[in-house]
Amino acid sequence: MNILLLGSGGREHALAWKIAASPLADKIYCAPGNAGIAQEAECVALDIADHAAVIGFCKDRRIDFVVVGPEAPLCAGIVDHLEAAGIKAFGPSKVAAQLEGSKGFTKDLCRANAIPTAAYERFTAAAPAKDYIRARGAPIVIKADGLAAGKGVVVAEALDDALQAVDMMFDGGLGEAGGEVVVEEFLTGEEASFFALCDGTTAIPLATAQDHKRVFDGDHGPNTGGMGAYSPAPVMTEAMNGRVMDEIIMPTMRAMAAMGVPYKGVLYAGLMLAADGPKLIEYNARFGDPECQVLMLRLMSDILPALIAARDGVLKSFDLRWYPEVALTVVMAAKGYPGHYERGSVIEGLAEASAIEGVEIFHAGTKAEGGHILANGGRVLNVCALGHTVAEAQARAYAAVDRIRWPDGFCRRDIGWRAVEREKEG
Ligand code: AMP
Ligand code: GLY
């Protein structure tokens with residue numbers, strides 16, 4: 001088969017690496033890709049926002065299957081456009097991708113189907129939103145309805161911060177994404193991510209993970225796309241996984257199908273494990289980044305037949321096998337991220353780092369130039385490792401990090417701390 005993968009991050013490098021291991025894959029292309037992906041696939045300089053160009057490329061190169069990594073093309077309807085052109089594609093349709101693209105859509109779906117989530121209201125103007133916030137009090141959470149590249153959520157500790165967030169969003173601080181706002185109850189508990197593979201009616205659990213969103217050690221500083229992750233999430237017991245499938249994932253699948261928008265693709269549930277059970281914080285319509293990297297390391301089965309079965313609606317009797325080991329990834333980012341950072345610094349020592357047992361390095365934002373690997377983004381490398389325990393995976397990943405020579409980069413030194421502490425207690 002000829003495969004086209006869309007995206008350019010660490011998630012896509014991990015997907016390319018896993019797809020390349022499939023005996024079904026003949027030729028793999030990736031648009032636009034990065035220097036790491038280029039080791040697994042032929043990178044092509046296609047503008048993935050230009051759907052006609054993507055379709056033209058697929059016809060020209062006889063692409064049999066397209067795998068879409070990021071949310072933006074999904075929410076822009078690339079799967080609908082590819083399928084209409086007779087090209088098979090993995091991922092939700094534009095309407096189904098609203099589970100990520102519109103927080104209001106998802107909240108209403110939860111309310112109508114008794115799916116546990118934070119209490120909320122939707123607003124299209126600042127004044128009623130502020131009245132609701134004053135009536136509810138802080139802490140409280142303000143969310144832009146649309147896609148906001150991870151900047152659309154304000155967890156307000158104080159009333160004033162909540163009111164300011166409302167003004168910021170309605171004043172256009174997040175562009176169109178903030179034209180509508182959801183105000184919701186502040187939930188407490190431990191967070192975990194749950195991934196399921198869906199074919200429109202059937203959903204099969206993939207694996208669980210936990211990530212570290214804050215930029216600095218101890219989970220301090222501003223939010224990022226994710227500074228590291230590990231899988232499985234130790235808090236996600238068999239019983240908890242069962243509850244998430246029964247109370248959250250399956251009711252969502254049934255509701256989407258009943259509305260005539262069956263959900264196909266990866267459904268990524270961000271969860272809060274509250275005292276009274278799991279609650280949905282948000283859905284994403286794709287693999288998480290960097291969660292995908294740790295999932296792919298743990299996946300024993302060939303991924304390609306599973307993605308195709310999801311697209312074809314025949315997941316029912318599918319069985320995926322996983323390595324029992326823990327996988328952990330440390331994100332190395334350019335100094336300044338998630339604020340301003342420079343591109344173009346030289347990264348060395350990658351081969352020495354990869355030589356450590358259990359270590360795999362995925363590139364997030366790199367490019368190859370003049371025989372060097374250069375930083376070309378905010379999040380630049382995902383240094384991943386498998387281990388028998390979280391502590392072992394963590395030690396291997398940091399041993400690899402320490403072999404990488406990149407003075408303009410930084411990483412957190414405590415990825416997995418919560419799980420390591422749990423291991424010590426257990
Ligand atoms: P999201 O982009 O929806 O994943 O939100 C980003 C982060 O904000 C989440 O990972 C949580 O840490 C936090 N958050 C979102 N919604 C809530 C909520 N209702 N209560 C507490 N924290 C929340
Ligand atoms: N790591 C969080 C995300 O992919 O949305």
Side-chain angles (χ1 to χ4, degrees), residues 7 9-12 14-15 68-72 74-75 97 99-107 110 116-121 133 136-157 161-162 165 169 174 177-178 181-195 208-215 219-231 233 266-275 278-296 329-331 333 338 362 364 378-379 382 412 415 418:
R11 167 180 51 210
E12 287 75 25
L15 287 171
V68 186
E71 63 276 17
L74 294 170
C75 291
L99 281 179
E100 172 159 7
S102 168
K103 305 240 188 243
F105 173 87
T106 300
K107 297 298 288 191
C110 288
T117 189
Y120 75 101
E121 284 305 330
I133 290 168
R136 289 282 173 144
I140 196 159
V141 183
I142 324 297
K143 299 186 173 182
D145 182 75
L147 291 184
K151 298 186 181 74
V153 176
V154 175
V155 178
E157 304 282 341
D161 298 336
M169 289 182 194
L174 298 172
V181 161
V182 171
V183 179
E184 68 177 40
E185 170 199 5
F186 174 78
L187 299 173
T188 51
E190 187 167 342
E191 283 183 55
S193 304
F194 186 97
F195 295 86
T208 60
Q210 281 180 297
D211 72 344
H212 294 268
K213 288 202 168 70
R214 304 299 190 102
V215 71
D219 296 324
H220 295 298
N223 263 326
T224 69
M227 294 301 290
Y230 49 96
S231 173
V266 170
L267 188 56
Y268 159 2
L271 303 172
M272 186 69 86
L273 306 175
K279 294 192 180 178
L280 181 72
I281 298 178
E282 62 157 6
Y283 272 133
N284 294 305
R286 51 172 174 84
F287 279 111
D289 186 346
E291 293 88 335
C292 181
Q293 291 81 312
V294 285
L295 260 54
M296 290 306 110
T329 183
V330 177
V331 170
F362 295 123
R379 292 190 295 172
N382 304 132
R412 280 183 56 165
I415 299 303
R418 206 192 282 269

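Atoms within a ligand are numbered from 1 in the order they appear, just like the ligands themselves.
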Quiz item: At a 4.0 Å threshold, what atoms of ligand 2 neighbour a non-hydrogen atom of D211?
Solution: 1 (N), 2 (C)
Quiz prompt | Any donor-acceptor N/O pair, K107 side chain to A118 backbone, under 3.5 Å | solution = yes
Quiz prompt | Atom indices of ligand 1 within 4.0 angstrom of E184 heavy atoms, with elements | solution = 16 (N), 17 (C), 18 (C), 19 (N)
Quiz item: Which of the listed options, I281, N284, V182, holds the heavy atom that is closest to atom 15 (C) of ligand 1?
Solution: I281
Practice problem: Heavy-atom distances under 4.0 Å are what count here, so tell me which part of K143 touches ligand 1: side chain, backbone, both or neither. | Solution: side chain
Quiz item: Going from NE2 on H212 to CG on N223, what distance comes out if it is rounded to the nearest 0.5 angstrom?
Solution: 13.0 Å
Practice problem: For atom 20 (N) of ligand 1, grab the closest protein heavy atom and report residue, atom and distance to one decimal in Å. | Solution: L187 N, 2.8 Å
Self-check item: Shortest protein contact, atom 5 (O) of ligand 2 (heavy atom only)
Solution: R286 NH2, 2.9 Å
Self-check item: Main-chain N/O of M227 paired with R412 side-chain donor or acceptor, under 3.5 Å
Solution: no
Exercise. Using a 4.0 Å heavy-atom threshold (strictly under), name the region of N223 that reaches ligand 1: side chain, backbone, both or neither.
Key: neither
Quiz prompt | Donor-acceptor contact present, side-chain Q210 to main-chain E191, <3.5 Å | solution = yes
Exercise. Would you mind running through ligand 1 and noting each atom that sits below 4.0 Å from a heavy atom of K213?
Key: 10 (O)
Quiz item: Would you say the side-chain atoms of R379 pair up with the backbone N or O of G226, donor to acceptor, closer than 3.5 Å?
Solution: yes
Self-check item: Donor-acceptor contact present, side-chain R214 to main-chain G221, <3.5 Å
Solution: yes
Quiz item: Is there any N or O on D289 that sits under 3.5 Å from an N or O of ligand 2?
Solution: yes
Self-check item: Side-chain donor or acceptor of S102 paired with backbone N/O of G146 under 3.5 Å
Solution: no
Quiz item: Which protein non-hydrogen atom lies closest to atom 3 (O) of ligand 1, naming both residue and atom, and how far is it?
Solution: E282 OE1, 3.0 Å
Quiz item: Just by distance, do the side chain of T224 and the backbone of K213 share a donor-acceptor pair under 3.5 Å?
Solution: yes
Quiz item: For atom 9 (C) of ligand 1, what's the nearest protein heavy atom and its distance?
Solution: E191 OE1, 3.5 Å
Exercise. Mind checking the CG-CG spacing from N284 to L147? Nearest 0.5 Å is all I need.
Key: 9.0 Å
Quiz item: Which ligand 2 atoms does G288 reach within 4.0 Å, using its non-hydrogen atoms?
Solution: 4 (O)
Quiz item: Considering only heavy atoms of K103, which atoms of ligand 1 have at least one such atom less than 4.0 Å away?
Solution: 3 (O)
Quiz item: Nearest heavy atom to atom 5 (O) of ligand 1: which of T106, V183, V153 does it belong to?
Solution: V153
Quiz item: Short question: side chain of E12, backbone of G9 - any donor-acceptor pair under 3.5 Å?
Solution: yes
Quiz item: Going by the atom numbers of ligand 2, which of them fall below 4.0 Å from some non-hydrogen atom of G225?
Solution: 1 (N), 2 (C)
Quiz prompt | Nitrogen or oxygen of K213 less than 3.5 angstrom from that of ligand 2 | solution = no
Quiz item: Who's the nearest protein heavy-atom neighbour of atom 13 (C) of ligand 1, and how far?
Solution: V155 CG2, 3.8 Å
Quiz item: For ligand 2, is there an atom lying under 4.0 Å from some heavy atom of F287?
Solution: no
Quiz item: Do the side chain of T106 and the main chain of L99 share a donor and acceptor less than 3.5 angstrom apart?
Solution: yes
